[in-house]
Amino acid sequence: MRSTLSRNIIFILSFIGASHALLLSSLGNNDPDNAAEDDNILSTQDVSGNTECATASTNTSFLLSFISYGNYTALPGQGEDDGGLVPSQLVSMSFAIANAANGVYTICAFPLGHVSNRSAGSGGPTTWIDDTSWRACADRKDTDGKHRFTIATGAAFGLTDQYITVNQTWFCHDDAGRLVAYTGIANGTLNMGCVDGGEVGGYHVTNCTSPDVTLPVTLL
């Protein structure tokens, strides 16, 4: 029984991972001319001394798209005879973020909590604990032909108030051709709508999505 339940949990996590992969695929296939556009995504940083990115960074915004989270709740009776191994809930979020200053987009995909650790021999069930702490998003590697650097992004989201915060560090050239780092933060409340997603691997799924949202960035 425990091996069956473990396989169910693995399946759920694999399903969540697959949905994130579909998000990447959606971004890549959103435009039939996408392949050509991808080559130019970092074009504002390609030429030493190009100040477009630096100028835009003083008043930029983050566009969040493909915003969704899945709430997986164990079906009645699930895990009653497994010694508390099966968590009663799993919640995972994903979205894409594009920085208007340089046109670079990346993917954020992370759980909105964690499974509690049971005390040894307690026999109590594992539970899902909501967690609004910062989560790392996918890093983007970039180069200007002379330097290699990483565009790093992080995010936090509260299920209760649907409040999201995103920060990012990116790089631009100033008017003297020097590479300058910018760090900005943006936040706002999402308008999430939820629908019944049926049953998957012993869990009932609620899928929640939000319209795209543009958040003004404050430089730190």
Side-chain angles (χ1 to χ4, degrees), residues 4-31 61-80 82 84-99 105-116 125-138 153-168 185-217:
T4 300
L5 293 169
S6 297
R7 285 197 298 270
N8 284 346
I9 295 175
I10 292 172
F11 174 78
I12 291 291
L13 296 177
S14 299
F15 181 81
I16 293 171
S19 68
H20 296 159
L22 286 173
L23 170 58
L24 261 171
S25 177
S26 297
L27 287 170
N29 295 319
N30 197 39
D31 190 329
S61 59
F62 295 152
L63 170 63
L64 275 55
S65 58
F66 299 95
I67 306 166
S68 68
Y69 72 80
N71 191 335
Y72 298 77
T73 305
L75 297 173
Q78 178 78 353
E80 289 183 352
D82 75 326
L85 292 178
V86 174
S88 59
Q89 187 178 31
L90 297 167
V91 189
S92 180
M93 183 174 198
S94 63
F95 59 91
I97 171 177
N99 187 335
Y105 69 79
T106 190
I107 302 299
C108 294
F110 47 85
L112 295 176
H114 61 272
V115 177
S116 65
T126 58
T127 57
W128 181 260
I129 299 175
D130 290 342
D131 187 350
T132 59
S133 60
W134 282 99
R135 302 286 183 170
C137 300
T153 307
F157 179 70
L159 270 175
T160 302
D161 55 11
Q162 300 186 358
Y163 193 76
I164 192 165
T165 304
V166 182
N167 70 7
Q168 186 177 86
I185 190 168
N187 48 59
T189 301
L190 300 180
N191 182 20
M192 307 294 293
C194 301
V195 296
D196 190 331
E199 297 178 4
V200 177
Y203 283 80
H204 179 264
V205 184
T206 301
N207 293 317
C208 303
T209 59
S210 167
D212 296 352
V213 60
T214 299
L215 303 175
V217 173

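These numbers come from a predicted model, not from an experiment.
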Step by step, work out the side chain to side chain contact (heavy atoms under 4.5 Å, CB included) result for Val91 and Tyr72. CA-CA 6 Å; Val91 189; Tyr72 298 77; over 6 Å; no
Report the C-alpha distance between Val213 and Ile67 in whole Å, list the side-chain angles of each, state the deciding distance to 0.1 Å, and finish with yes or no for side chain to side chain contact (heavy atoms under 4.5 Å, CB included). CA-CA 9 Å; Val213 60; Ile67 306 166; 3.8 Å; yes
I need the single residue from Tyr69, Phe157, Tyr163 that forms a side chain to side chain contact (heavy atoms under 4.5 Å, CB included) with Leu190. Which is it? Phe157
Report the C-alpha distance between Glu199 and Leu75 in whole Å, list the side-chain angles of each, state the deciding distance to 0.1 Å, and finish with yes or no for side chain to side chain contact (heavy atoms under 4.5 Å, CB included). CA-CA 8 Å; Glu199 297 178 4; Leu75 297 173; 3.6 Å; yes
Shortest non-hydrogen pair, Met192 vs Gln162, comes out as N-OE1, 3.2 Å
Kindly give the heavy-atom pair with the smallest separation between Gly158 and Thr132, and that separation in Å. CA-CG2, 3.6 Å
Hey, what do you get for OG1 (Thr206) to CG (Asn71), rounding to the nearest 0.5 Å? 5.5 Å
4.5 Å side-chain heavy-atom contact, Ile164 and Leu64: yes
4.5 Å side-chain heavy-atom contact, Cys108 and Ser94: no
Can you name the side-chain hydrogen bond (donor to acceptor under 3.5 Å, both in side chains) partners of Asn167, sequence neighbours left out? none
Looking only at non-hydrogen atoms, find the nearest pair between Ala186 and Phe62 and report the distance. CB-CD1, 3.8 Å
Can you check whether Arg135 reaches Pro111 side chain to side chain, under 4.5 Å on heavy atoms? yes
Check for a donor-acceptor pair, side chain of Thr153 on one end and backbone N or O of Gln168 on the other, with a separation under 3.5 Å. no
Leu63 and Ile97, any side-chain heavy atoms less than 4.5 Å apart: no
Non-hydrogen side-chain atoms of Val217 and Leu215 separated by less than 4.5 Å: no
Would you sort out whether Thr214 and Asp212 count as a side chain to side chain contact (heavy atoms under 4.5 Å, CB included), showing the intermediate values? CA-CA 7 Å; Thr214 299; Asp212 296 352; over 6 Å; no
Rounded at 0.5 Å granularity, tell me how far CG in Asp131 sits from CG in Leu159. 10.5 Å
Would you give the length of the straight line joining atom CZ of Phe66 to atom CD1 of Ile107, rounded to the nearest 0.5 angstrom? 8.0 Å
For a quick test of reading the model, state the closest non-hydrogen atom pair linking Gly197 to Asn207 and the distance between them. CA-ND2, 3.7 Å
Among all residues two or more places apart in sequence or in another chain, which pass the side-chain hydrogen bond (donor to acceptor under 3.5 Å, both in side chains) test with Asp196? His204
What is the minimum heavy-atom distance between Thr106 and Ala138, and which atoms define it? OG1-O, 2.7 Å
Tell me every residue that passes side-chain contact (heavy atoms from CB on, under 4.5 Å) with Asn191, counting only those two or more places apart in sequence or in another chain. none
How are the rings of Phe110 and Phe95 set to each other: parallel, tilted or perpendicular (split at 30° and 60°)? perpendicular
